[in-house]
Structure formats: C-alpha cells, structure tokens
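Scope of the values below: all heavy atoms of this structure, side chains included, with no hydrogens, waters or symmetry mates. When a ligand or atom number is given, it counts from 1 through the structure's own listing order.
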Amino acid sequence: MRSAKLYQYQLPMDSGVILRTQRLATREGWIVELRDGDKVGFGEIAPLPEFSHETVEQAGQQAKQLLESWIQAETVDLSQALPSVAFGLSMAMLELASELPKKGNYLVAPLCSGDPDDLIVRLNEMPGEKVAKIKVGMYEAVRDGIVANMFIEAIPEVRLRLDANRKWTPIKAQQFAKYVKPEHRAGIAFLEEPCKTPEDSLAFSKETGINIAWDETVRDEGFEVKAEPGVVAIIIKPTLVGSVQRCMDLVKQAHAIGLTAVISSSMESSLGLNQLARFAEWQTPGVIPGLDTMQLFKAQLETSWPDCDLPKTALSDLEVVWQK
Ligand SMILES: O=C(O)CCC(=O)c1ccccc1C(=O)O
Ligand SMILES: [Mg+2]
C-alpha cells in the first residue's frame, strides 16, 4: 500500500547570502515523503532562485501531479520532469528502495566567500587532501590572482578549486592568470567556468596551462561529456541537473574518459545535503564533494549535518500541503 506526503519548508538564511543579483533571505522548497508498507523515502525539491529555470510554485505543482501518478502506477516517468522535481522524487524512490547507501562523505571542500584567513585555519585542520573552493570573478581579477597565489604559497600541498561562474572576459581571465606564478599553477586543481563562453574557457586553459572544469556548461542544452584539452572535471549539481539516474549517467561518462566528477550543492537544506553526501560517497568515492553550504543557513531541517550547531526544524513541524 503506497502513500505520499508533500511538505513545504522555509528556512532562514545567513544575512550575507547573495545569489547573482539578489539576496536570499529565506530558502524555500518541498520535501516529499514516500511510503510503501513499512518502507519510507524522502526527497527534497528546492529550485534555486537565479539558477533553476523553474519556480518553487511550478515545482510544487508538478510534484503533486507526479506523486498522484506514483500512488496509482508502478513507475513514474521523470524524463520530462523539471530538474528539481526529477531529483527530489528520484532520490525519495531510491531511498524507499533502500538503494542509497547510509555512509556519507562529509569531508567537504571548505568554501571561502569571505576572509581568506579563516580558510587557512580550516585547511590546516583538514585531514588528508587539502582541497578548498574559492569564488573568484566578484572583484578585480588581479586581486583573485594574488589571493590564489597567497594560498598556494601558504599551504604548498593545497589543491584549489576556483570558481569564476563565467564572469570573465578573456582579458580579465588573463589578468588573473598573470598573477599566479607558473610554478604555482599546479596548485589549482581546476578553475570552474572562467569565461563567458566554453570556447573562451578552453582557449584560456590552453594559453595558461590552468586546468578547468565545467559546471554551468553541464546544464547547457545538448551537453555531452567529452575529453577536451585542459578540462579535468565536471561539477554535478543534482537539483539543477535532474534525476539521480541522469546524475549517475554523467558520473559514469566522466569516469570512462578519466574526468573527475564532483557532486555539489545547490543550497539544499540539511536533509537534502545529507543525501548528497551519501550520494557522493557512493558514486564518487575518494573525491571531496562541494557541499560546504550548511554555513549559509540559520537552521537545519530534520537531519543533522555533522558538527553543525544550528537549531533544527522537524518535518513534523512543517505544513503538509498534499497527502494521499
Ligand atoms: O560547489 C560548491 O563547493 C558549493 C556550491 C556552490 O558553489 C554553488 C551553490 C549554489 C549555486 C551556485 C554555486 C556555484 O557553483 O557557484
Ligand atoms: Mg559555479
């Protein structure tokens, strides 16, 4: 006997969270709960403003329709579903089928969006591989180059993941590269999406010898995983990409040609983030995921994130907006 519930959540965010052009004061989304006999599975559907093409309302609408068919039918076709809906529902189905392993990779790449000194402290405390993620392209390219150089000099074994989110023109990207000494360029594991177009990013990598990774490009229409000079990784943000199956296909294709696949957050609540940590441990073992986004919230939801002291809202405190 199947039953399902859709909960609505709103969680307060840290005051400094800016997404592209807007401040994100509250994170909003839906949690699905699927039950079959004594089995249960949860999933989070949370379109990210400025990144997802669908709104929270559209995702909620579609989730209700698909839940309706899940109650009635054996299988539900998620191939045409909105990415956030496909991800949340497929994750709930995976958990319901007891196919999502319990063990998670909570050793995330510390994200530096503020004071570089904080990051130095966190990196020194980090066991094993010292991987950090730094946003670049927000201020002067020259400043970004100096910051990257400083990190590599301070922690010689560091593996930086820099993320320009397609902000630079070829000239700006060159200005950045000029400040990273050639002998330090290996300290950059990769630079995500340096330029406004993939072509410019490929040219940048060729000219500078700095490895790059695709993130936005993975979500471009017609994207295919292929070997390209200078490209070493693809970033997979499941909420923006789609179903668990689609994400697993991407990981498999990346591995087949020797690329690193990095599972990354789209600012899911602690419930969704925990599932991503489990998904990352399962699908990309040994690779540090990009999940250091709990610090951007002021509250957790249902599942605790390791070592996080933020107050927690239980699912039972949320409004159930649909159930069958
Ligand atoms: O990838 C990570 O390490 C953290 C997640 C992250 O950077 C991010 C999170 C939400 C939306 C966009 C981005 C981004 O890649 O810029
Ligand atoms: Mg990015």
Participant: Identify, with sequence neighbours excluded, every residue that meets salt bridge (Lys or Arg N to Asp or Glu O under 4.0 Å) alongside D292.
Facilitator: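 R122.
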
Participant: Measuring from D249:CG to R246:CZ, what's the distance to the nearest 0.5 Å?
Facilitator: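 If we round to the nearest 0.5 Å, D249:CG and R246:CZ are 7.0 Å apart.
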
Participant: Under 3.5 Å, is there a donor on one side chain and an acceptor on the other for E193 and S201?
Facilitator: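 S201 and E193 do not have a side-chain donor-acceptor pair below 3.5 Å.
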
Participant: Could you tell me how the ring of W305 sits relative to the ring of Y106: parallel (under 30°), tilted (30 to 60°) or perpendicular (over 60°)?
Facilitator: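 Perpendicular, since the angle between the ring planes exceeds 60°.
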
Participant: Could you check atom 11 (C) of ligand 1 against the protein and tell me its nearest heavy-atom contact, residue, atom and distance included?
Facilitator: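 Result: L48 CD2, 3.5 Å.
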
Participant: Atom 13 (C) of ligand 1: which protein heavy atom is closest, and how many Å away?
Facilitator: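 Here the closest protein heavy atom is K237 CE, 3.4 Å.
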
Participant: Let me know which of K102, K39, R278 forms a salt bridge (Lys or Arg N to Asp or Glu O under 4.0 Å) with E95.
Facilitator: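 Only one of K102, K39, R278 forms a salt bridge (Lys or Arg N to Asp or Glu O under 4.0 Å) with E95, namely R278.
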
Participant: Check each atom of ligand 1 against the heavy atoms of F51 and keep those under 4.0 Å away; list them by number with element.
Facilitator: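 Selected atoms, number and element: 11 (C), 12 (C).
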
Participant: Any non-hydrogen side-chain atom of I71 less than 4.5 Å from a side-chain atom of E68?
Facilitator: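 Sidechains of E68 and I71: no contact.
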
Participant: Enumerate the atoms of ligand 1 whose separation from the nearest heavy atom of K133 is less than 4.0 angstrom.
Facilitator: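 Taking each heavy atom of K133 in turn, ligand 1 has 1 (O), 2 (C), 3 (O), 7 (O), 15 (O) under 4.0 Å.
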
Participant: With sequence neighbours left out, what residues match W30 under ring pair (Phe, Tyr, Trp, His ring centres under 6.0 Å)?
Facilitator: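 W30 satisfies ring pair (Phe, Tyr, Trp, His ring centres under 6.0 Å) with no other residue.
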
Participant: Regarding R35 and E33, does a basic nitrogen lie under 4.0 Å from an acidic carboxylate oxygen?
Facilitator: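 Here R35 pairs with E33 in a salt bridge, since their nearest N and O are under 4.0 Å apart.
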
Participant: Please collect all salt bridge (charged side-chain N to carboxylate O under 4.0 Å, His left out) contacts where either partner lies in residues 153-164, sequence neighbours excluded, each pair once.
Facilitator: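 Matches after skipping sequence neighbours: K133-D163, K135-D163, E153-K181.
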
Participant: Who gets closest to atom 6 (C) of ligand 1 by heavy atom: K135, E193, M267?
Facilitator: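 Answer by nearest heavy atom: K135.
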
Participant: When you measure from the centre of the six-membered ring of F51, is the NZ or CZ of R20 under 6.0 Å away and within 45° of the axis?
Facilitator: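 Positive - R20 is close enough to the ring of F51 and near enough to its axis.
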
Participant: So what's near the Mg ion (ligand 2), protein N, O or S atoms under 2.8 Å?
Facilitator: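 Listed by chain and number, the nearby protein N, O or S atoms are D163 OD2, N165 OD1, D215 OD2.
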
Participant: I need the contact type for V262 against ligand 1. Using non-hydrogen atoms and a strict under-4.0 Å cut-off, is it side chain, backbone, both or neither?
Facilitator: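 No part of V262 is near ligand 1 at this cut-off.
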
Participant: Could you list which atoms of ligand 1 come closer than 4.0 Å to a heavy atom of D215?
Facilitator: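 So the atoms of ligand 1 that pass are 15 (O).
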
Participant: For ligand 1, is there an atom lying under 4.0 Å from some heavy atom of S265?
Facilitator: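 Contact check S265 vs ligand 1: positive.
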
Participant: May I ask you to check if ligand 1 and N165 share an N or O to N or O distance below 3.5 Å?
Facilitator: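 By distance alone, the answer is yes.
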
Participant: Show me which atoms of ligand 1 lie under 4.0 Å from any heavy atom of S264.
Facilitator: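 Here the atoms of ligand 1 in question are 1 (O), 2 (C), 5 (C).
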
Participant: Is the contact between D163 and ligand 1 made by the side chain, the backbone, both, or neither, using heavy atoms and a 4.0 Å cut-off?
Facilitator: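 Contact part for D163 vs ligand 1: side chain (C-beta onward).
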
Participant: Would you say the side chain of F42 lies within less than 4.5 Å of the side chain of V32, judging by non-hydrogen atoms?
Facilitator: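 With C-beta onward as the side chain, the pair stays apart.
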
Participant: Would you call D215-K237 a salt bridge at under 4.0 Å N-O?
Facilitator: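 Yes.
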
Participant: Looking only at heavy atoms, is any part of I235 under 4.0 Å from ligand 1, and if so is it the side chain, the backbone, or both, or is it neither?
Facilitator: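 The answer is neither; I235 stays 4.0 Å or more away.
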
Participant: Which of the atoms in ligand 1, numbered in the order shown and given with their element, are less than 4.0 Å from a heavy-atom of G290?
Facilitator: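 Counting from 1, the qualifying ligand atoms are 1 (O), 2 (C), 3 (O), 4 (C).
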
